[in-house]
Amino acid sequence: MAIEKMKLVRVDGLLQNLDSVITSCCLDGNFHPEPAIQHMSGSLGYITLSEDNPYTAHVQKMEELYQLVGESAPEVSGEPARDIVEGDRDTIQQVAQQLSDLQEQKAALEKEKQELEEKKAQFSHFTGLDMPFDEIIKGEYIKVRFGFLPKASYARMMVAYAENPHVLFVTCSEDKGGYWGLYFTPRQNADEIDGIFATLFFERLHLPEATGTPESIVKQLAGEIEEKQKAIADTERQITQCWENSKATCCEIYQQLKWHEEAFDLRHYAAYRDNYFFLVGWVPAAKAAAFAEKVKAIRHMRVTVSDPEEVENATPPTKLKNPWFVKPFEFFVDMYGLPSYGEMDITAFVALTFTVLFGIMFGDLGQGAVLAVGGFILWKWKKMALARLIVPCGISSMVFGFMFGSVFGFEEALNPVYQALGMSGKPISNWPGTPHSVLDTAAINPILICAIFIGVALVLAAMALHIIAAVRKRQWGEAIFSNNGLVGIVVYCGGVSFVSNFMSGPTFLPNTVAFALIGGGLVLLFFKEILIGLVDHHPNWKPESWADYCMQNIFELLEYVLSYFSNTVSFLRVGAFVFVHAAMMMAIFSLAGEPVNPVVVILGNALIIALEGLLSGIQGLRLEFYEMFSRCYEGGGHPFKGVSLSKKEG
């Protein structure tokens, strides 16, 4: 449960050996490259090795090929068994051309089919017209207009133009909005009649040329559409067959090209001068010796391994090293910001505290089991990082659900289990002063007080982690005099004791002692910048203006006191969610009636698992970030990105 130590490696030698160094030493996931030019003096004459990647164009061509067939390009699974040859490029070109031609043929057929379908849809509106279409439109003295007339307009036409012999609309079909049909007009009256129908919102439809009645035209078009569909299906079969014949070869060639492309990109991190190169990167300390041996196995190569402290302005990447049961919670740490190199990794602290807080807020044996199983399935099936977190949270919910005696909201379901274990009832009801159920009025104070003391314990734990981190960095002044250091703990403990005495709670210290601790601690916090500066040898420890210093620190003292109070009170939400969960289940059972309606209970549990599970997770994360992280953690690191072309992580 720590940050893995790093070593900076510098490799230099003949430029012709750079590819050998990259392929032999830098592609196993243990080499984090850095721009070499940043670690060299400009007076040496080295420049960045900038060159076009010869594999990129071919990789793009292959990826276009995969897009053409609607598949995702395969991942690089390992070092290729052989190098790329000219015949491979010819194969790519041939397959791409063949597939491209077939796709163009398919696109042309689909376009023709679409045009036929549009034509069929147009004529289908007029199948009620039992006259040859070509004879209708070739009238010498009569013009014909096909289109759509709204129902309201049709009714208005029948009233307003009943006496006009030239206004004649023939309906062929009807839908919800109006009528499809045609009107006839003498050529000499065409402008007048067109104007009348324009005021009636007639939507003219320009039909393409065709022979026969509209019904026969529709049947003919349906046959042509069917033929086009068969041709499209035949082309798709040809595409599928072509791809099946070439897929294995294309996959092998693509992986070769992609491997060489990504390996070649590492050359851009190198600096060179004449025939010599210089390559720099970070390697885990445990792997540094093996890396150096691989480099030395190549002729005319030199390698230097240095600790970060020996390198000026070095910013090593962060690689967290946690056991499998803690590792999922790196997701939260990464969300807040990775620890910088040398800072404490608090992933284990997050794993413990978040899991416990979630379990308390969402304590139900049955619902917790659903979360755990569902999270496990999503993690294995979808490889979701967040789903992996749900598994321990669900298990924690099961544990606290057993303590609260709740299974899918049934408060008495576990009584036989408790009796078999020799217990008089729920574990929570055996605690001094705790009633039988969390919804009993007498349960409110004990649960809220318990939540407050959980908050006190976690705030103190966060401050203790801050002290440990400061000591590890040899920042003794920070560890002692900061508001999250030893003095801060003294002030906080004095405040907790005083408030507990005032609220008639447990007595930890006499009020006089508590006041002495608070007063003395606040005085030290008032001068903390000076004290920390003196102890840690800060160059600018002395204030430039004492008036400004006093004014600023008065407000800072107020902020410290308020933050101690607000951070602690914020943990009341842990107890509040215990009541919320129980109250929501009571509401579900009230809706389910008597006897219980199983459908209502199942749907209610599903709603609570989704809704309250999300809210408990959000509230737990808020407590982590605002109440604990802010006291012991800074973040700001950048991740270790070892180059690996042998296996992609899921």
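Residues Ser216 and Thr213 have side chains that bring a donor and an acceptor to within less than 3.5 angstrom of each other. Counting only N and O atoms by type, the side chains of Glu627 and Asn567 include a donor and acceptor under 3.5 Å apart. A donor-acceptor pair shorter than 3.5 Å cannot be found between the side chains of Glu624 and Tyr336. Side-chain contact annotation: Glu634 with Ser340, donor-acceptor N/O pair under 3.5 Å absent.
Between Tyr141 and Phe184, the ring centre distance reaches or exceeds 6.0 Å. Phe376 has its ring centre no less than 6.0 Å from the ring centre of Trp381. Between Phe202 and Phe148, the ring centre distance reaches or exceeds 6.0 Å.
Partners of Asp194 under the side-chain hydrogen bond (donor to acceptor under 3.5 Å, both in side chains) rule, at least two apart in sequence or in another chain, are Arg145, Tyr183.
Looking at every heavy atom in both residues, Val333 comes nearest to Pro339 through CG1-CD, 3.8 Å. The shortest heavy-atom contact between Ala387 and Trp379 is CB-N, 3.7 Å. Glu75 approaches Gln255 most closely through the heavy-atom pair O-NE2, 2.6 Å.
Below 30°, between 30° and 60°, or above 60°: for Phe332 and Phe354 the angle between ring planes is above 60°, a perpendicular geometry. Ring pair Tyr154/Tyr179 is tilted by interplanar angle, where 30° to 60° counts as tilted. Relative ring orientation between Phe123 and Phe133 is described as perpendicular, the plane-to-plane angle rising above 60° on a 0-90° scale split at 30° and 60°.
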Determine all donor-acceptor pairs shorter than 3.5 Å in which one atom belongs to a side chain in residues 104-117; sequence neighbours excluded.
residue: Lys106; atom: NZ; partner: Glu236; partner atom: OE2; Å: 3.2
residue: Glu112; atom: OE1; partner: Lys228; partner atom: NZ; Å: 2.4
residue: Lys113; atom: NZ; partner: Gln229; partner atom: OE1; Å: 2.3

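Under the 4.5 Å side-chain criterion, counting only non-hydrogen atoms from C-beta, Glu215 is not in contact with Phe126.
Side-chain atoms of Ser566 come within 3.5 Å of backbone atoms of Ser563 as a donor-acceptor pair (strictly under, hydrogens ignored).
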